[in-house]
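Working notes, structure below.
In the text below, chain A, chain B and the rest are named by the order of the sequence lines, each starting its count at 1.
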Amino acid sequence: MSEIPKAYEPQSVEERWHQYWSEQNLFQANPSSAKPAYSIVIPPPNVTGVLTLGHVLNNTIQDVLARFSRMKRFEVLWLPGTDHAGIATQSVVEKHLRQQGVMSHRDDLGREKFLEKAWEWKEKHGGIIIQQLKKLGCSCDWTRERFTMDDHYSRCVQKVFVDLYHKGLIYRGKRMVNWCPVSLTALSDEEVIMTEEKGQLWHFRYPCLNDDGTPSSEEHVVVATTRPETMLGDEAVAVNPNDPRYQSLIGRELLLPLQNKRIPVIRDELVDPEFGTGCVKVTPAHDPADYEIGLRHDLPFTVVIAPDGRMNHAAGEDFEGLDRMEARKAVAERMEEEGYLEKVESYTHNVGYSERSHVPIEPYLSEQWFLRYPAVREATEAVADGKIRFFPERWAKSYLHWMENIRDWCISRQLWWGHRIPVWYHRETGEMHCDLEPPKDPENWEQDADVLDTWFSSWLWPFATMGWPEQTETLRKFYPTTDLVTGPDILFFWVARMIMAGYELMGERPFHNVYFTGIIRDKHGRKMSKSLGNSPDPLALIEQYGADALRFGVMRSAPLGQDLLFDEKHVELGRNFCNKLWNACRFRQLQGGETEGEISPSHLTSDDKWILLRLDTAIREITDALEGYRFNEAAQVLYRFLWSEYCDWYIEASKALLQSTVAEVRNNSLAVTDFVLSHALRLLHPFLPFITEELWHGLGYNNGLPSDQGGTTIGFANWPKPLDDDFKQVYGLDESDERFVAAKYDMVTKGRNLRREYKIPSNQRIRYVFKPNAPISEHEKSVLKVLLNAEPLEVSPDMQPPKGTPQVLSQIGELYLPVEGLIDVEAETNRLNRELEKVELEIEKVQTKLNNPNFTQKAPEAVLEEHRQRLHDWQERYNQVKAAVDALKH
RNA sequence: GCGCGGUUAGCUCAGCGGUAGAGCACUACCUUGACACGGUAGGGGUCCCUGGUUCAAGUCCAGGACCGCGCACCA
């Protein structure tokens, strides 16, 4: 810090330190350390993704926890990595290859060639987000970076599949699944987003058939549907068995219009007689509920919609080839033309959308692999009993509800990018081979074409990244992990499944605590999205304001579990705060002198004692907030302490001492400053890793410290402990100092206010006269002089001011602003009378309470005492002001 | 339909049983030797509504209103 710029310039500083940290591998975890373990696994971002504000929030929290724990002398492992994000990555790669003209469909390349290209893509773009996390200051153990498709990790995934298969928990079957007609793959229930949508409800008439098979001209049933195109695959109309209206219909047959097909009327409990007409068209192959009915009644499963969402041959030649949405319109029109349309109503209902492709999900009947969830009981109890704690706690309720209602997980995906299912089918016998090793005679077998859901690999993340299934040193030391930090949007996708995997495969919970962040929205409360273009680029923000500023701004406004409305103003605040810190330290630097000299108790001023006590309070509050995961609170205390206490008051007051020509006085002040700053930097470090590292070294606070306690990096310095009783005794710190200084600063504020009342510019030095209640030292006088910008400051215990002299009253005495020529008795009387009114109001408020016998009898003594004190203070104040008013009258 | 949040200063949000807070914005003054990414002093609030518990209620309880989010196979 030889040349100190007036404004903090984060770019070069941050670049320098993140290189320093990674070159020295400072954050490499040592499994054989004797220190207690603290561990987090990163929620692996998509390998081809880029940093978003959500990542910034999430990873800053993890970094704060990791750095805080390191300073508390834990052996910290923060394990980073990325996941392969099956669908997302595959579609990105496909799009890229199409744009490059390499292929128009992946079948053009074939599986092997395509995967080669995908790996090339991953190698090229896969490191970006990791680089970005480094820029953010994340103190991960980068030597342990993992990827869900690493060889070792892939083997874990396959091993788990094989084991669960042989345990009977994984099975294959033809089921109705959520099908994405764009990605052409099955999805799990969790990947379907239900969206409320305004649609229409078409009411169709299906004519009854006479005994001779001809359609009746009078009798028909009316069915309602939001999806007319599915009627082409109808196989029945169902009514509730107890519905008196339709008893006579049961067993009869209907004509399915357009298809000219006979379909039966059947009875099924599922039908709600209260809804619509009480008659339901049944399309067993294209609706999950109808599928169940189809099974119960042994109906045919007529498929009319192909996997790509277009109508197939069975839909009839008029509709074949139409997209389902076009077919919807066409069918409805045709029905109307042919007189089968009863009416159309507008109708609001929920439509399931593909999370990835943003198109409506198509229920689709196909062969898929399913997992019956393991260790459900243990996983449920762990959260119910508090063995795993959620912050905020309320998410436990969602979790438990989900756990109690889970259905088997569809784990197969019709993709190429991912972990291929380790199952082979014999070409002739059809025999199935499920094993880590392929069959000995591969020419006779064909491997299952599907890959596994990405979450089927990431649910192993907490232990597969640590060397499982081997019982590695790392696993022994760091599993279960301590904290998991993630968004509630992946509670079911990831958190719940990790807990099950932990119990099933490790016999132990994967983490002790789960912290759920809020969701970052824009300043209008909308979710960040690419299409809205309301998602700022964190890298641009880092470039403009610095990573520390971004971290602090986000953390300061991110309360536990509440969504955060992002505004660039927050980052600006962070930048301003860093600049303030920079200049506070710059001021110290400009003073020169020995670094961290000995503090001499006998030279401590009241301001010194005050700031030490405020520091003590800050240490307690910040430590407590961090231990309770209340990061915004910790950030706010840091802000208050540094800005409103240290800079606003202590630095200003210390200027009186620093002017001193007595070396001991000056040096002692510097020693206190160093003590406070070296603590403050450490308290700030988890939030602001870069600037604190820079200042720690720049001010020389690392000098003489052992390498693992702050010599090399502030990241290893000891976390500040509250000042203990011995310390307070030796340095003579007690509450009376705090009270005296608070009263002093209060008087200064009032004194400055007088300037304003009398329109004296704040930079104009002016005469004040102070009439103290008790004798004050020369030092206190000089502090008051500096704080008031007084010249001169006269201390006069016997002051008898001329009538009308502006004055303020305080607990330590009276302060006068004897302005020649400006004395205005009437103005001063008015001013004091306004004050008097305010005081009277307060007295009345307190007195009312104290006069209430219920209050005096039932309130605790401490509260009573506090009220009495308050009343006393106000009354004293009243007397002072009253006396001043009276003095004006004579 | 069930569940979960939110409603406090113009804006964004803390506070969750004992004198209403912060940042931004606003007003006035100030380029005074750390900092204009700044300083000083101000203005600004029936803490959504209605009941209840309590000596005491933004703060706890019940009901309601309005926003938002989950979960749920009503065609």
Side-chain angles (χ1 to χ4, degrees), chain A residues 4 6-8 176 194 201 223-227 230 238 270-272 274-283 287-293 347 349-350 363 392 394-395 397-398 401-402 405 488-489 491-492 518-519 521 523 525 527 545 549 553 556-559 561-567 569-570 572-591 630 632-633 636 639-640 644 647-648 651-652 655 749-750 752-757 759-765 789 842 845-846 849 852-860 862-864 866-867 870 874:
Chain A
I4 316 155
K6 276 173 80 166
Y8 174 54
M176 183 72 75
M194 299 305 282
L201 192 61
V223 294
T225 182
T226 54
R227 302 195 56 195
T230 63
L270 198 86
V271 179
D272 175 4
E274 305 291 313
F275 188 86
T277 59
C279 299
V280 181
K281 64 188 269 307
V282 180
T283 322
D287 182 278
D290 294 4
Y291 173 73
E292 297 298 325
I293 297 179
Y347 186 66
H349 62 138
N350 291 318
R394 62 188 150 85
W395 290 110
K397 209 163 172 175
S398 291
H401 181 259
W402 186 79
N405 296 284
D489 47 335
L491 172 57
F492 309 139
I519 292 169
R521 300 168 179 281
K523 61 178 158 188
K527 243 180 172 167
Y545 297 102
R556 189 176 174 279
S557 43
Q562 289 306 124
D563 287 358
L564 162 64
L565 299 200
F566 182 80
D567 189 327
K569 289 276 180 200
H570 295 153
E572 210 175 300
L573 171 110
R575 179 199 57 183
N576 296 351
F577 184 62
C578 288
N579 192 244
K580 192 74 177 176
L581 172 64
W582 180 258
N583 276 290
C585 292
R586 180 168 175 262
F587 177 71
R588 167 63 188 92
Q589 186 78 351
L590 292 171
Q591 302 308 317
R630 298 186 309 273
N632 65 318
E633 189 182 312
Q636 285 191 71
Y639 191 96
R640 180 198 74 203
S644 310
C647 291
D648 285 355
I651 288 189
E652 295 307 320
K655 285 176 181 171
T749 301
K750 287 174 176 152
R752 288 165 174 170
N753 181 253
L754 268 192
R755 272 179 185 271
R756 189 180 104 102
E757 297 269 354
K759 304 224 180 337
I760 297 157
S762 54
N763 62 338
Q764 185 182 328
R765 298 206 163 163
N789 200 23
E842 293 298 333
K845 260 163 57 179
V846 186
K849 284 184 99 172
N852 181 347
N854 273 327
F855 176 68
T856 47
Q857 277 161 30
K858 293 185 181 167
V863 174
L864 275 175
E866 190 266 330
H867 276 75
R870 208 193 300 166
W874 283 119

Round to the nearest Å and state the distance from Q764(A) atom CD to rU31(B) atom C1'. 17 Å
Across the strands shown, which category fits E652(A) at heavy-atom distances under 4.0 angstrom: base, sugar-phosphate, nothing? base
Who does rC13(B) pair with, Watson-Crick or G-U, both distances under 3.5 Å? rG21(B)
Take the protein atom NE2 of H401(A) and the nucleotide atom C1' of rG1(B), then report the distance between them rounded to whole Å. 12 Å
If we take the P atom in both rG15(B) and rU7(B), what is their distance in whole Å? 9 Å
Hey, does L270(A) reach any base, or is it just sugar-phosphate, or nothing, if we go heavy atoms under 4.0 Å? base
Report the nucleotide, chosen from rA75(B), rU32(B), rA34(B), that has the shortest atom-to-atom distance to any side-chain atom of S762(A). rU32(B)
Note, T225(A) side chain near T230(A) side chain (heavy atom, < 4.5 Å): yes
Whom does rA62(B) pair with, Watson-Crick or G-U wobble, provided both distances fall under 3.5 Å? rU50(B)
Using the C1' atom as the point on both nucleotides, what is the distance between rU46(B) and rC37(B), in whole Å? 39 Å
Is any side-chain nitrogen or oxygen of N854(A) closer than 4.0 Å to OP1 or OP2 of rA56(B)? no
Quick one: label I651(A) by what it contacts on the DNA or RNA (base, sugar-phosphate, nothing), any heavy atom closer than 4.0 Å. base
For rU40(B), give its Watson-Crick or G-U wobble partner with both distances under 3.5 Å, or none. rA28(B)
How many whole angstroms separate atom CG of N405(A) from atom P of rG3(B)? 14 Å
Send over the distance from N753(A) CG to rU40(B) P, rounded to a whole Å. 14 Å
Which listed nucleotide (rA41(B), rC55(B), rA34(B)) is nearest to the side chain of F855(A)? rC55(B)
Please report the distance separating the P of rG38(B) from the corresponding atom of rA72(B), rounded so that it comes out in whole Å. 49 Å
Presence of K397(A) side-chain N/O under 4.0 Å of rG5(B) phosphate oxygens OP1/OP2: no
The side chain of Y639(A) is closest to which nucleotide in this list: rA34(B), rG23(B), rA75(B)? rG23(B)
Expressed in whole Å, how much space separates the C1' atoms belonging to rG5(B) and rA41(B)? 40 Å
Which value, rounded to the nearest 0.5 Å, describes the distance between I519(A) atom CD1 and L564(A) atom CG? 11.0 Å
Under 4.0 Å, counting only non-hydrogen atoms across every strand here, what does P761(A) touch: a base, just sugar-phosphate, or nothing? sugar-phosphate
Looking at every strand, decide which applies to K655(A) at a 4.0 Å heavy-atom threshold: base, sugar-phosphate, or nothing. base
Where the side chain of T225(A) is concerned, which of rG70(B), rC37(B), rA75(B) is the nearest nucleotide? rA75(B)
Are OP1 or OP2 of rC55(B) and a side-chain N or O of K858(A) less than 4.0 angstrom apart? yes
Whom does rG70(B) pair with, Watson-Crick or G-U wobble, provided both distances fall under 3.5 Å? rC2(B)
Separation of rA36(B) P from R586(A) CZ (nearest whole Å): 8 Å
Would you say rA75(B) has OP1 or OP2 under 4.0 Å from some side-chain N or O of Y347(A)? yes
How long is the line joining CD of Q591(A) and P of rC35(B), in whole Å? 12 Å
Closest listed nucleotide, where the reference is the side chain of N763(A) and the choices are rC37(B), rU32(B), rC24(B): rU32(B)
May I ask you to verify if any side-chain N or O of K6(A) is less than 4.0 angstrom from the OP1 or OP2 atom of rC35(B)? yes
Given rA75(B), rA25(B), rA41(B), which nucleotide is nearest the side-chain atoms of R752(A)? rA41(B)
Rounded to whole angstrom, note down the C1' distance from rA62(B) over to rA20(B). 26 Å
Is there a donor-acceptor contact under 3.5 Å from the side chain of R755(A) to the main chain of Q764(A)? yes
For F587(A), does the six-membered ring have the charged nitrogen or CZ of K655(A) within the cation-pi criterion, i.e. under 6.0 angstrom from the centroid and within 45° of the normal? yes
Please pick, from rG5(B), rA34(B), rA41(B), the nucleotide with the shortest atom-to-atom distance to any side-chain atom of R394(A). rG5(B)
Any donor-acceptor pair under 3.5 Å from S557(A) side chain to G553(A) backbone: yes
Which part of the nucleic acid, if any, lies within reach of P488(A) when heavy atoms closer than 4.0 Å are counted: base, sugar-phosphate only, or nothing? nothing
Would the distance check show the side chain of N583(A) and the main-chain N or O of K6(A) forming a donor-acceptor pair, the cut-off being under 3.5 Å? yes
Starting at the 5' end of RNA chain B and moving along, which residue's nearest nucleotide shows up first, R556(A) or C279(A)? R556(A)
Where the chi angle of rG58(B) falls, syn if within 90° of 0 and anti if not: syn
So, is T749(A) near the phosphate of rA41(B), with a side-chain N or O under 4.0 Å from OP1 or OP2? yes
Taking atom C1' in both rA36(B) and rG44(B), what distance in whole Å separates the two? 25 Å
Say whether, by atom type as modelled, one donor and one acceptor occur between the side chain of H401(A) and the main chain of K397(A) under 3.5 angstrom. no
Ring geometry between H349(A) and Y347(A) (parallel below 30°, tilted from 30 to 60°, perpendicular above 60°): tilted
Residue L565(A), side-chain atoms from C-beta onward, closest of rC37(B), rA75(B), rU12(B): rU12(B)
Separation of the C1' atoms in rG6(B) and rU59(B), to the nearest angstrom: 16 Å
Measure the acute angle between the ring planes of H867(A) and F855(A), then classify it against the limits of 30° and 60° as parallel, tilted or perpendicular. perpendicular
I519(A) CD1 to rG5(B) P, straight-line distance once rounded to whole Å: 15 Å
At less than 4.0 Å, is any side-chain N or O atom of R756(A) found next to OP1 or OP2 of rA28(B)? Yes or no. no
Just how far, in rounded Å, is C1' of rU54(B) from CD of Q857(A)? 15 Å
Are the side chain of N579(A) and the backbone of R575(A) linked by a donor-acceptor contact shorter than 3.5 Å? no
Closest to the E866(A) side chain, choosing from rA72(B), rA34(B), rG18(B): rG18(B)
Let me spell it out: for each of T856(A) and R630(A), pick the nucleotide of RNA chain B with the closest heavy atom. Which residue's pick is nearer the 5' end? R630(A)
Mind checking if D489(A) touches a base, just sugar-phosphate, or nothing, with heavy atoms under 4.0 Å? nothing
Can you identify which nucleotide, out of rA75(B), rA34(B), rA72(B), has its nearest atom closest to the K580(A) side chain? rA34(B)
Within the 4.0 Å heavy-atom criterion, would you say C647(A) contacts the bases, only the backbone, or no part of the nucleic acid? base
With rounding to whole Å, what would you report as the distance between rU27(B) and rC71(B) at their P atoms? 47 Å
With heavy atoms under 4.0 Å as the rule, sort N852(A) into base, sugar-phosphate or nothing. sugar-phosphate
